[in-house]
Structure formats: structure tokens, C-alpha cells
Amino acid sequence: MSVQTVAVVFSCALAVLTAALLAVAAGCLARHDGATRPAAAVRAAQTFAGTLTVMAAVTGALASVLR
């Protein structure tokens, strides 16, 4: 494997992990704020999707710079 491939795979894994951690935090904060479980799950899903979108854009930019 080339260094570029390893960097892209590592960045993708880091993006998913970061998105998952932020989604859990958003869900916990929503529940702590008094939201119902479905509302907290929706807030967590929105956070996951938004974070993953931003991180995918960053990973794509990194991939194009490294090539």
C-alpha cells in the first residue's frame, strides 16, 4: 500500500469515529436537556450526518492534495 492510500483510509476511519463520538455526545446532551428518546435520537442522527458530511469533504480535499 502506498502512503497516500493509508492516509486516505486512516482519514476515513477517523471521520467516522469522530462523527460517532459527536453523535453520542449530542444525544446525551439532548436527553440531559429534557428531550424525549426519539427526539434525542433524531438530534444525534443529524449531528452524525452533518459531521460525516464535513469530514468527507475534508478527506476528499486531503486525497486530492496527496495525489
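Only heavy atoms go into these numbers, but all of them, side chains included; no hydrogens, no water, no symmetry mates. Computed from a predicted structure; not experimentally measured.
- Here the closest heavy-atom approach between residue Ala35 and residue Ala40 is recorded as CB-N, 4.3 Å.
- To the nearest 0.5 Å, the span separating CZ on Arg43 from OG1 on Thr36 amounts to 9.0 Å.
- Pairing each heavy atom of Ala26 with each of Ala44, the nearest pair is CB-CA, 4.5 Å.
- For Cys28, the side-chain contact (heavy atoms from CB on, under 4.5 Å) partners two or more places apart in sequence, or in a different chain, are Val24.
- Shown here for Ala23 and Phe48, the closest heavy-atom pair between the two residues is CB-CB, 3.7 Å.
- Note that OG1 of Thr47 is 12.5 Å distant from CG of Leu21, once rounded to the nearest 0.5 Å.
- Taking the side-chain hydrogen bond (donor to acceptor under 3.5 Å, both in side chains) definition, one finds that Thr5 meets it with Ser2, sequence neighbours left out.
- A side-chain donor-acceptor contact under 3.5 Å links Ser64 to the backbone of Ala61.
- Checked by atom type and distance alone, the side chain of Arg37 never pairs as donor or acceptor with a backbone atom of Ala41 at under 3.5 Å.
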